[in-house]
4 protein chains.
Amino acid sequence: MAPLKLGMVGGGQGAFIGGVHRMASRLDGCFDLVAGAFSSDPTRAHASAAELGIASDRSYADFVEMAKAEAARDDGIDAVSIVTPNHLHGPIAEAFLAQDISVICDKPMTATLAQAESLVAAAEASKGHFFLTHNYTGYPMIRQARQMVAEGALGEIRTVEANYLQDWLSVAPDEDNKQAKWRLDAAQSGGGAIGDIGTHAHNLACFVLGQRVTSLSATLTSHFAGRMVDDDARITLEFEGRAKGHIWASQVAIGNENNLTLAVYGSKGSLRWAQENPNVLCFSELGKAPQMMTRGGAGVSVAAVGVTRIPAGHPEGYLEAFATLYKEAAQVMSSQDGSHATISIQDGLDGVRFVDACQRSSRGASAWIELG
Amino acid sequence: MAPLKLGMVGGGQGAFIGGVHRMASRLDGCFDLVAGAFSSDPTRAHASAAELGIASDRSYADFVEMAKAEAARDDGIDAVSIVTPNHLHGPIAEAFLAQDISVICDKPMTATLAQAESLVAAAEASKGHFFLTHNYTGYPMIRQARQMVAEGALGEIRTVEANYLQDWLSVAPDEDNKQAKWRLDAAQSGGGAIGDIGTHAHNLACFVLGQRVTSLSATLTSHFAGRMVDDDARITLEFEGRAKGHIWASQVAIGNENNLTLAVYGSKGSLRWAQENPNVLCFSELGKAPQMMTRGGAGVSVAAVGVTRIPAGHPEGYLEAFATLYKEAAQVMSSQDGSHATISIQDGLDGVRFVDACQRSSRGASAWIELG
Amino acid sequence: MAPLKLGMVGGGQGAFIGGVHRMASRLDGCFDLVAGAFSSDPTRAHASAAELGIASDRSYADFVEMAKAEAARDDGIDAVSIVTPNHLHGPIAEAFLAQDISVICDKPMTATLAQAESLVAAAEASKGHFFLTHNYTGYPMIRQARQMVAEGALGEIRTVEANYLQDWLSVAPDEDNKQAKWRLDAAQSGGGAIGDIGTHAHNLACFVLGQRVTSLSATLTSHFAGRMVDDDARITLEFEGRAKGHIWASQVAIGNENNLTLAVYGSKGSLRWAQENPNVLCFSELGKAPQMMTRGGAGVSVAAVGVTRIPAGHPEGYLEAFATLYKEAAQVMSSQDGSHATISIQDGLDGVRFVDACQRSSRGASAWIELG
Amino acid sequence: MAPLKLGMVGGGQGAFIGGVHRMASRLDGCFDLVAGAFSSDPTRAHASAAELGIASDRSYADFVEMAKAEAARDDGIDAVSIVTPNHLHGPIAEAFLAQDISVICDKPMTATLAQAESLVAAAEASKGHFFLTHNYTGYPMIRQARQMVAEGALGEIRTVEANYLQDWLSVAPDEDNKQAKWRLDAAQSGGGAIGDIGTHAHNLACFVLGQRVTSLSATLTSHFAGRMVDDDARITLEFEGRAKGHIWASQVAIGNENNLTLAVYGSKGSLRWAQENPNVLCFSELGKAPQMMTRGGAGVSVAAVGVTRIPAGHPEGYLEAFATLYKEAAQVMSSQDGSHATISIQDGLDGVRFVDACQRSSRGASAWIELG
């Protein structure tokens with residue numbers, strides 16, 4: 001498969017997630033980055049482009065211009081990666097979808113529910129594909145977990161725990177911390193821990209269960225005077241299949257770097273997984289000793305093996321999991337199989353609805369909210 | 001210190017916790033077991049007494065008779081251990097307290113709030129002491145955690161997670177499972193997972209924080225048709241000091257044997273502990289690498305060292321932690337220092353109030369309930 | 001079973017292992033401590049006896065006198081625990097065996113090979129039993145491992161690793177460190193790390209394999225000028241069944257408290273165990289995911305269950321394992337079954353031979369030494 | 001920095017390590033793969049080239065031809081990756097070095113000592129650089145360990161343990177297992193476990209210590225009749241600085257996938273690291289609780305941060321560590337700083353000498369062998 005041509009919006013100098021997307025797009029040789037509007041500041045945009053080896057005529061200062069110009073080229077981009085603050089995801093995605101250019105968008109899908117609904121309509125009207133990078137779904141042992149749940153290895157699911165703990169907002173961030181600044185501004189982020197990491201936990205649980213959340217009761221807290229968004233969120237959930245669950249997302253949990261964990265308990269067995277040591281999945285069958293399943297190891301299914309690059313015991317990490325989402329996007333765009341695990345625009349809409357419901361519940365004394 | 005004379009009610013053949021109390025009372029040489037009403041079935045009671053080497057004139061078929069007879073003897077018992085199903089704790093304790101005999105009572109204190117309040121009154125009127133065996137508070141690293149919180153090593157507490165997961169009720173128990181039978185009967189137990197293990201999690205969090213829970217929102221679930229009590233409980237909490245928290249108690253979490261964990265996050269640091277590997281406490285200070293503190297190891301305070309029997313690296317376990325409660329009860333009864341860490345009757349009352357509030361919240365759509 | 005009457009030699013104020021033996025003897029109610037010669041210093045001996053509640057007429061200043069006096073009493077002791085420095089084990093044991101009093105002796109059996117051979121002869125001539133407290137063999141998961149090896153679950157054993165790492169001699173000890181003083185004096189200890197902890201590793205490997213070591217090549221090192229005994233020992237081994245192995249015993253391995261580990265690899269599977277978290281045994285079968293077997297958990301054999309006091313998930317530790325050796329000694333002395341797992345005087349002789357061979361090999365440029 | 005042009009010898013369809021080198025070379029955008037002799041079988045070579053998008057005029061069936069043709073082109077390759085069986089490393093490397101083309105060679109450097117010495121001479125005569133991919137040295141926490149040792153954080157090094165355990169040769173491999181076939185043929189591999197993985201353990205220990213091994217005593221074993229090379233190797237070592245050490249390399253250790261571990265103990269502290277969870281490094285300072293240092297976390301030095309791509313808690317793995325060696329090769333070739341951590345041809349020679357000495361010691365009853 002020849003590499004597809006990729007553009008990027010955002011991700012200039014000083015950004016974090018843009019570099020991740022670039023490494024992820026490159027690892028499996030599925031994409032070549034050929035164009036970009038890397039910053040809303042033209043000077044920074046062009047400097048970033050030069051650093052990245054982008055031809056100067058394909059370095060843009062404006063995403064609207066970029067969408068039109070690339071659509072007009074014979075060798076225009078096949079897809080664009082959107083790696084800006086959340087409130088821009090929707091407008092940018094719509095601009096490229098309007099040109100039938102596929103979109104690979106960082107999460108959460110949008111900052112507001114209105115933006116999400118508008119984007120869904122735009123995607124339906126476009127020939128372009130839409131992919132949302134809930135990158136933790138790319139881990140082989142998460143694919144393994146999802147297949148085991150689907151095949152009934154756990155029986156009926158009863159109770160689920162998804163925690164996503166970080167500590168980088170345990171103190172008030174410096175004024176010049178670019179990552180913190182927009183995340184703590186509700187207008188740009190749409191929410192605090194609940195949007196930034198809670199949506200990952202929500203998506204991961206739903207992805208593995210193959211079920212949606214039907215109702216929730218949330219308690220969102222900010223531990224700093226003047227911090228306008230939550231930094232610690234606790235949500236009690238119910239899933240379609242009647243399972244109960246709980247999500248805890250915190251950015252003030254000192255001692256946790258990026259500690260995303262998932263535990264799923266069913267009537268026949270359970271699975272436990274931790275992102276910081278992602279090559280292992282603990283499977284407990286009723287009445288048997290727990291087994292430590294490993295990526296590439298004994299008993300692992302095709303769903304996991306298919307997204308594994310190197311043998312068991314040679315750890316794959318975050319970039320490899322992220323790269324799998326790029327590879328699968330490329331497969332879908334090339335009309336190959338690969339769609340089975342991609343995160344759809346409906347999943348993205350569910351994520352934004354989840355944030356919105358959590359915020360409404362928390363404002364209303366944790367009253368249970370039904371999700372549509 | 002010469003051993004004190006101990007009696008026991010309950011704990012006959014086929015029981016679990018009675019044997020634990022006996023080993024715990026014996027380990028440090030603080031008590032001699034000399035009397036008992038080991039079963040409400042006289043044949044079983046006397047057979048158990050014989051097995052345990054109890055003189056036949058001090059084997060009783062009835063706890064009321066035992067309280068009176070022992071009080072009348074010159075060499076009567078100094079204290080009684082109560083290791084029966086929960087609904088009998090109150091009446092038995094009151095019978096012995098009425099004779100000014102001290103009581104060492106298994107948890108939860110009673111099956112109902114009315115029983116708990118009655119018992120508090122009885123204890124106030126007695127010269128006997130009352131001790132509640134929330135045994136997990138006897139672990140040295142829990143004492144360490146409590147002292148660190150009290151000394152401010154964690155700063156202001158922000159968020160707390162206490163989980164207590166078991167799997168022994170993941171299937172419907174056999175008809176002849178004595179342990180399950182009374183626990184699943186609300187009249188005898190007063191509650192399911194919430195009473196049996198949720199109260200341990202609640203007590204442990206309060207013990208380490210040195211704070212009471214002020215309000216809660218609970219969701220209690222039973223995963224079996226016909227199971228009258230909850231087997232999975234999730235409670236969102238607020239503590240006196242404004243910290244938020246969550247307790248998850250489940251007896252249907254396959255792969256968990258007795259997995260009680262506590263994590264406490266403050267503005268300056270955090271602590272994490274797991275009962276199944278209890279000699280380690282992970283301490284994370286803001287801006288430093290997490291430290292694995294060990295029982296007997298570097299940096300451990302007098303609160304932990306004082307309840308440690310053997311050097312670091314030689315693991316102490318459940319029985320040793322339980323024995324510490326017996327040792328401290330003996331110290332209090334002998335008018336020695338030791339009261340600082342005992343679980344009081346007020347703590348017991350708080351535990352029963354906690355269960356009651358959880359049940360009311362859950363019945364009321366998880367509405368927040370204030371605790372007095 | 002009524003408690004047996006126990007005496008003790010050594011273990012007075014300031015000692016470590018004496019208190020361990022006392023708790024271990026008490027936990028299961030199999031022994032009552034009634035006599036002792038707790039120190040070679042009469043003042044300390046009697047003070048210790050008083051503290052321990054020993055009647056003054058059974059507090060002795062001399063072990064020879066004690067052996068004779070106790071043998072002469074109608075209510076004389078059934079067994080004596082020997083918890084002195086190593087060079088006294090042999091003479092004391094012989095004194096009691098000469099009176100047909102059973103001996104429970106701390107390890108290593110003696111300080112020299114000549115003492116060991118003399119003791120073997122004395123034991124053969126006595127009606128008393130001899131028990132050696134290689135206490136790590138009392139852990140339930142070690143019993144499990146041994147049974148699995150015996151039943152062939154691992155196939156033919158190929159390679160074995162037993163490490164015993166401590167760090168308490170990483171610096172030169174204080175002058176008044178009683179524990180260090182005699183251990184670093186070859187005349188009293190018979191060897192350094194090799195004797196103090198290397199013999200535990202050797203015994204544990206042989207116990208689990210059910211095989212003796214046939215030859216070895218050793219490198220013993222002392223990392224301090226003037227330290228006359230080794231503090232770091234590495235021994236390459238061959239077992240009867242042709243398996244290769246390695247023992248590493250170090251008392252200068254900073255960060256290790258009492259880190260004894262065993263790994264056994266066979267043609268069909270492997271087992272891995274660590275003393276500091278002793279309730280777990282990792283079993284890997286060829287072509288299957290590793291299983292975390294637990295004390296009391298699924299798949300555990302009668303050999304482990306029989307030495308387990310409390311349910312899975314309620315950790316048992318060092319004292320419980322030690323107590324199992326006392327319980328089994330009591331069973332043997334009471335003519336009950338229990339001998340299957342006791343450490344015999346021949347095992348003790350093997351241990352002293354192991355130390356002797358390691359010392360000879362190391363002095364001889366690590367030349368391979370055959371063991372008889 | 002514009003990408004350098006890379007060629008490859010070996011690594012065609014069905015190979016393992018070739019794909020790893022390709023992903024590693026691509027991840028950081030430092031190399032473009034533009035030429036190759038992917039197999040000694042011309043059909044397979046050209047099919048592999050086509051799959052990899054290599055222009056047909058740069059797909060070669062013969063490495064000698066490739067070296068000459070590429071040297072003659074204006075746009076010829078800057079470096080060649082050698083990913084063949086070991087016995088071909090030397091001849092291929094010499095062919096490219098003769099054309100002043102840099103070489104990135106998989107380990108061990110050669111199959112024989114004679115080949116290694118010849119290659120050293122060839123490298124000295126060439127303007128090309130030589131890089132050996134002991135890829136485990138690319139892990140950030142290994143860089144951290146090396147810097148800490150160099151800065152004296154551990155004091156004087158006393159004892160070292162490097163284990164590399166696998167289980168893929170626990171059974172006789174299938175006839176068509178290409179990876180096993182050449183590795184078990186001494187003529188192609190130069191040795192068994194000792195060469196394939198023992199050299200990694202040896203290199204890693206030397207890299208972290210900044211010291212060479214001065215003498216060793218080895219015991220190499222084959223556990224299968226007819227297996228001509230060792231599958232289990234135990235080597236006792238002494239380092240330049242008088243530290244003792246031990247390497248255990250086994251390919252019959254069931255339950256181990258790729259379990260490379262390193263522990264270094266000094267007079268002031270210790271470090272422990274495990275490749276299968278490589279983002280953590282346990283640092284124990286004398287008299288302090290062990291710290292869990294993490295890649296990107298608190299207290300980590302520039303040596304680690306400089307080879308880190310993504311924040312703490314987002315695990316990097318084997319491919320990232322491997323990519324670091326490619327990135328540093330590119331830096332050296334571009335006359336940028338980067339040479340400080342590259343594995344030199346002298347290191348490669350040391351590795352081959354290590355294998356040779358182990359084999360001689362083992363044949364000679366484990367006699368100690370001095371290394372030059």
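Every chain is numbered from 1, with letters handed out A, B, ... down the list of sequences.
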*To the nearest 0.5 Å, tell me how far C:Thr159 OG1 sits from D:Ile254 CD1.*
12.0 Å

*Does any heavy atom of chain D fall under 4.5 Å from the side chain of C:Lys288, the backbone, both, or neither of them?*
neither

*Between CH2 on residue C:Trp248 and CD on residue D:Glu161, distance to nearest 0.5 Å*: 5.0 Å

*Using non-hydrogen atoms and a 4.5 Å limit, figure out which bit of C:Ser267 sits close to chain D: side chain, backbone, both or neither.*
backbone

*Specify which of D:Thr219, D:Val171, D:Asn163, D:Leu165 makes the most heavy-atom pairs with chain C at under 4.5 Å.*
D:Thr219

_Can you tell me if D:Arg242 has over 12 outside heavy atoms packed within less than 6.0 Å of its CZ?_
no

*Of the backbone (N, CA, C, O) and the side chain (C-beta and beyond), which part of C:Leu154 lies under 4.5 Å from a heavy atom of chain D, both, or neither?*
neither

*Please determine, among C:Pro290, C:Ala289, C:Ser284, the option with the most heavy-atom pairs under 4.5 Å with chain D.*
C:Ser284

*Can you tell me how far NZ of C:Lys244 sits from OG of D:Ser250, rounded to the nearest 0.5 angstrom?*
11.5 Å

*Considering heavy atoms only, which positions within residues 227-240 of chain D lie below 4.5 Å of chain C?*
D:Asp232, D:Arg234, D:Thr236

*asked:* Among D:Thr221, D:Val264, D:Asp167, which residue has the highest count of heavy-atom pairs closer than 4.5 Å to chain C?
replied: D:Thr221

*May I have the step-by-step check of side-chain contact (heavy atoms from CB on, under 4.5 Å) for D:Ser170 and C:Lys268, ending in yes or no?*
CA-CA 8 Å; D:Ser170 293; C:Lys268 293 169 60 180; over 6 Å; no

*Structural part of C:Arg272 lying under 4.5 Å from a heavy atom of chain D*: side chain

*Check: D:Asn256/C:Tyr265 side-chain N/O donor and acceptor closer than 3.5 Å*: yes

*Taking non-hydrogen atoms and a cut-off under 4.5 angstrom, which of residues 362-371 of chain C neighbour chain D?*
C:Ala365, C:Ser366, C:Trp368

*For D:Glu156, is it the side chain, the backbone, both or neither that has a heavy atom under 4.5 Å from a heavy atom of chain C?*
neither

*Rounded to the nearest 0.5 Å, how far does NE2 of C:His246 lie from CD1 of D:Ile247?*
11.0 Å

